[in-house]
Amino acid sequence: MKDWDTALDNSGHVPGSDLLAAGWEKSAAAFRASHPKLDIDVPYGPTPRQRLDLTWPAGPPQGLAVDVHGGYWL
């Protein structure tokens, strides 16, 4: 019989994964500090989790790149 709790525990299989979130927070703060043209937590729907961040270029926009992060189910 498969142990699904262990099989689906992505972080549990990565040594040092407990330290990753702190690194992500530092990287995100550095990115925000180096990009002055940001719109953070822009609502696109009625619920609190329906938010997006926009990073604007230094000059006129010439296209659009979309990064959708869905995380993982646990």
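Count residues from 1 along the sequence. Please read these numbers as outputs of a predicted model, since none were measured by experiment.
- Legend: residues meeting side chain to side chain contact (heavy atoms under 4.5 Å, CB included) with Gln50, ordered by chain and number and at least two apart, are Tyr44, Pro46, Thr47.
- Smallest separation of non-hydrogen atoms from Pro43 and Arg51: CB-NH1, 3.2 Å.
- The heavy-atom pair separating Ser11 from Ser17 by the smallest distance is O-OG, 2.7 Å.
- Screening residues 3-32 for ring pair (Phe, Tyr, Trp, His ring centres under 6.0 Å) gives Phe31-His35 as the qualifying pairs, with residues at least two apart or on separate chains.
- Partners of Ser27 under the side chain to side chain donor-acceptor pair (under 3.5 Å) rule, at least two apart in sequence or in another chain, do not exist in this structure.
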Mind listing the side-chain donor-acceptor pairs of residues 52-66 below 3.5 Å, one per line with the distance, residues two or more places apart or on another chain?
from, atom 1, to, atom 2, distance (Å)
Asp53, OD1, Asp41, N, 2.8
Trp56, NE1, Asp39, OD2, 2.8

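- Residues Leu38 and Arg32 have side chains in contact (heavy-atom distance under 4.5 Å, counting atoms from C-beta outward).
- Other residues, nucleotides and ligands contribute more than 12 heavy atoms inside 6.0 Å of the NZ atom of Lys37.
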